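Because the structure is predicted, anything quoted here is derived from the model rather than measured. We name chains A, B, ... by the order of the sequence lines, and we start the count at 1 in each one.
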Amino acid sequence: MASVSEHILDELTWRGLIAQSTDLDALRRDLDAGPLTLYAGFDPTAPSLHAGNLVPLLMLTRFQRAGHRPIVLAGGATGMVGDPRDQGERTLNSLDVVAEWAARIRGQLERFVEFDGSPTGAVVVNNLDWTGGMSVLEYLRDVGKHFSINVMLARETVKRRLEGDGMSYTEFSYLLLQSHDYLQLHRKYDCALQVGGSDQWGNIVGGVELVRRIDGDAVHALTAPLVTDAEGRKFGKSTGGGNIWLDPALTSPYAWYQYFVNVGDADVVRYLRLFTFLPREEIDALAEQTAERPHLRAAQRRLAEEFTRLVHGEHETRQVIAASQALFGRGELRDLDEPTLTAAMAEAPTGSVRLADAPTIVDLLVSSGLTPSRGAARRAVNEGGAYVNNVKIGDEDWRPATGDLLHGRWLVLRRGKRSTAGVEVAP
RNA sequence: GGCGGGUUGCCCGAGCGGUCAAAGGGAGCAGACUGUAAAUCUGUCGCGAAAGCUACGAAGGUUCGAACCCUUCACCCGCCA
């Protein structure tokens with residue numbers, strides 16, 4: 001729906017989504033000439049996409065809404081090789097694992113674009129389809145011949161790796177595979193634009209040059225900035241250190257929502273521009289609210305809501321908002337009616353214990369998953385960071401009584417200020 | 001194929017026969033202050049109530065005692081062929 005008459009490139013610009021590009025004026029002309037086909041690739045380096053992957057993925061969505069045709073590419077082939085990164089050589093995953101991850105990721109990718117069979121209907125591909133059958137000689141003669149080692153050695157990542165622990169020929173070749181993808185998509189689908197994160201710039205322009213050298217066509221490249229927080233840390237790492245994943249089995253919708261509610265003031269407006277489709281006026285209004293009444297966290301709530309809806313859907317979003325309000329609300333937990341509390345418990349992490357076992361606060365914390373070990377649980381209690389039903393518990397030997405149970409079966413645990421969980425208590 | 005260097009906790013990194021569950025830094029967690037923010041300060045940071053157990057690439061060995069010494073294996077890096 002191109003309800004906004006603003007040009008897609010102008011929109012991407014004010015959202016802060018353009019880091020590097022080939023000739024923008026030429027791209028604009030091609031975009032204006034009619035539906036343009038573009039692609040972004042995602043390698044299966046994990047069983048799920050994570051929050052950071054959404055910047056280029058949503059870029060495809062934005063282009064589709066502006067009347068262009070997106071191709072989402074699952075890197076079944078490139079995922080078997082591994083893109084060189086600064087941290088050193090990757091460990092190869094088995095073919096089975098890569099194939100399974102590629103299938104999962106493909107399923108996630110499909111949710112962000114529309115497949116309607118129209119000229120702007122999305123296409124999903126897997127680069128294994130054309131790379132898997134390529135012979136070594138084809139690779140060396142038809143692809144490799146067009147690449148200069150001198151240029152490849154000059155790439156930042158390669159330079160850093162050569163100064164460090166070195167790099168395998170396999171990873172060094174990654175550029176050729178991704179470049180070849182662009183060529184294939186250009187031929188099959190007339191694809192003329194590749195988008196990705198700015199770390200992909202070298203790989204993308206590699207494809208642009210390959211297409212120019214072999215087919216003589218000028219195609220485009222556009223990258224989005226790598227998203228970092230105000231501290232410069234890579235975006236999408238949960239407070240626990242790991243990635244936040246799209247797969248609800250890996251990161252629950254509740255945890256997803258909570259992560260974005262907790263985004264800092266310095267980042268929230270930028271994230272609204274990058275990760276939502278909210279119009280400029282609305283984002284500006286939220287920015288103003290953050291500046292004037294930061295404690296309301298209006299922008300954070302809106303970001304979390306929009307982003308959860310985008311990834312997990314309307315129904316889940318309503319559930320997790322209700323759960324968050326119940327658990328973080330000012331109100332007395334005892335005043336919550338049973339359906340509300342039960343629904344909230346269904347969203348938050350929960351554990352279960354039996355009253356007959358006479359569990360202590362330490363047992364409860366471990367059971368709920370709020371602490372990883374009993375030692376950590378005891379520490380939390382001694383630090384004054386353990387709560388049951390919003391009442392601080394300072395004694396490691398504290399045990400719940402029947403009267404503590406909410407609606408006869410729930411205890412709401414909290415560790416610190418932000419982590420809550422439920423425990424279902426059986427007689 | 002030869003020679004040399006390396007593999008330490010979530011990450012980086014010190015340790016080089018007992019006093020090492022292992023310095024230091026980062027990350028994480030908690031407390032204070034706040035707004036489910038940031039910054040700052042403080043505490044904490046393998047498992048266990050404890051005894052103790054498990055850990056310093058893997059497996060053996062020497063020793064009263066090993067992350068530290070020896071042997072073999074695996075992997076990584078560099079130089080030479």
Side-chain angles (χ1 to χ4, degrees), chain A residues 85-92 160-171 228-244 254-272 286-287 289-305 308 320-331 333 344 347-349 358-363 365-366 368-387 390 392-399 412-421:
Chain A
R85 49 178 182 177
D86 289 341
Q87 301 94 306
E89 191 78 12
R90 293 171 189 266
T91 308
L92 287 179
R160 278 195 291 268
R161 285 282 293 277
L162 290 180
E163 284 161 13
D165 286 350
M167 136 161 35
S168 69
Y169 177 73
T170 302
E171 289 195 0
T228 56
D229 67 15
E231 311 289 296
R233 289 182 297 240
K234 205 166 173 183
F235 166 82
K237 299 288 185 186
S238 75
T239 51
N243 273 315
I244 42 174
Y254 174 79
W256 177 276
Y257 178 85
Q258 281 295 321
Y259 179 85
F260 291 103
V261 166
N262 279 305
V263 162
D265 295 355
D267 297 315
V268 67
V269 174
R270 197 159 43 89
Y271 288 177
L272 280 167
L286 286 165
Q289 282 204 51
T290 297
E292 288 170 7
R293 291 180 295 283
H295 55 282
L296 295 180
R297 310 182 65 75
Q300 279 90 340
R301 287 177 208 284
R302 194 61 206 271
L303 171 69
E305 178 186 344
T308 306
V320 299
I321 290 176
S324 297
Q325 282 172 347
L327 295 176
F328 286 96
R330 290 271 183 277
L333 282 167
E347 297 299 330
T360 65
I361 178 66
V362 173
D363 297 313
L365 284 167
V366 173
S368 68
L370 280 179
T371 62
S373 71
R374 299 175 57 79
R378 299 179 62 235
R379 219 178 292 134
V381 173
N382 291 325
E383 288 168 341
Y387 299 79
N390 282 340
K392 183 184 287 190
I393 304 295
D395 177 8
E396 298 174 18
D397 294 323
W398 182 89
R399 290 182 167 81
V412 174
L413 270 69
R414 197 168 95 229
R415 180 190 185 190
K417 288 170 186 169
R418 312 182 207 174
S419 307
T420 58

Would you say A:T360 and A:E396 are linked by a side-chain donor-acceptor pair, where the criterion is simply a distance under 3.5 Å?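 No.
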Does A:E383 make a side-chain donor-acceptor contact with the base of B:G43, cut-off 3.5 Å?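 Such a pair exists between side chain and base.
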Would you state whether a donor and an acceptor, one from the side chain of A:R374 and one from the base of B:G48, lie under 3.5 Å apart?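 By the distance-only test, no, there is no pair.
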Take A:F260 and A:T308, measure what side chain to side chain contact (heavy atoms under 4.5 Å, CB included) needs, and give me the verdict at the end. CA-CA 9 Å; A:F260 291 103; A:T308 306; 5.6 Å; no
Going by the side-chain hydrogen bond (donor to acceptor under 3.5 Å, both in side chains) test, name the single residue among A:D267, A:D265, A:T290 that passes it with A:Q300.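 Single pass found, and it is A:D265.
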Could you let me know what [N] is paired to, Watson-Crick or G-U wobble, both distances under 3.5 Å, or none if it's on its own?
N: B:U19; value: none
N: B:C3; value: B:G78
N: B:G28; value: B:U44
N: B:A58; value: B:U72
N: B:A37; value: none
N: B:A51; value: none

Picking from [options], which would you name as closest to the side chain of [X]?
X: A:K392; options: B:A37, B:A32, B:A30; answer: B:A32
X: A:D265; options: B:G31, B:A37, B:C29; answer: B:A37
X: A:R418; options: B:A30, B:A38, B:G35; answer: B:A38

Okay, side chain of [X], backbone of [Y]: is any donor-acceptor separation there less than 3.5 Å?
X: A:R301; Y: A:I321; answer: no
X: A:R297; Y: A:V261; answer: yes
X: A:E347; Y: A:V320; answer: no

Using a 4.0 Å heavy-atom cut-off, does A:E396 contact any base of the nucleic acid, only the sugar-phosphate backbone, or nothing at all?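 Nothing, no heavy atom under 4.0 Å.
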Using a 4.0 Å heavy-atom cut-off across all strands, classify A:R378 as base, sugar-phosphate, or nothing. sugar-phosphate
For [N] and [M], measure between their [atom1] atoms and round to the nearest Å.
N: B:U62; M: B:U72; atom1: C1'; answer: 15 Å
N: B:A58; M: B:C75; atom1: C1'; answer: 11 Å
N: B:G52; M: B:A21; atom1: C1'; answer: 13 Å
N: B:C77; M: B:C68; atom1: C1'; answer: 22 Å
N: B:C47; M: B:C41; atom1: C1'; answer: 31 Å
N: B:C45; M: B:G6; atom1: P; answer: 32 Å
N: B:G15; M: B:A23; atom1: C1'; answer: 8 Å
N: B:G24; M: B:G35; atom1: C1'; answer: 35 Å

Could you check how far [atom1] of [X] sits from [atom2] of [N], rounded to whole Å?
X: A:N382; N: B:A30; atom1: CG; atom2: P; result: 15 Å
X: A:L370; N: B:G28; atom1: CG; atom2: P; result: 18 Å
X: A:D397; N: B:A50; atom1: CG; atom2: P; result: 13 Å

Between A:R379 and A:S324, which residue's closest nucleotide on RNA chain B lies nearer the 5′ terminus?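 The residue whose closest nucleotide sits nearer the 5' end is A:S324.
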Residue met sooner reading RNA chain B from 5', once A:R301 and A:A386 are mapped to nucleotides: A:A386
Report yes if a side-chain nitrogen or oxygen of A:S373 is closer than 4.0 Å to either non-bridging phosphate oxygen (OP1 or OP2) of B:G48; otherwise report no. yes
Show the nearest heavy-atom pair for residues A:P359 and A:D363, with the distance to one decimal. CA-OD2, 3.5 Å
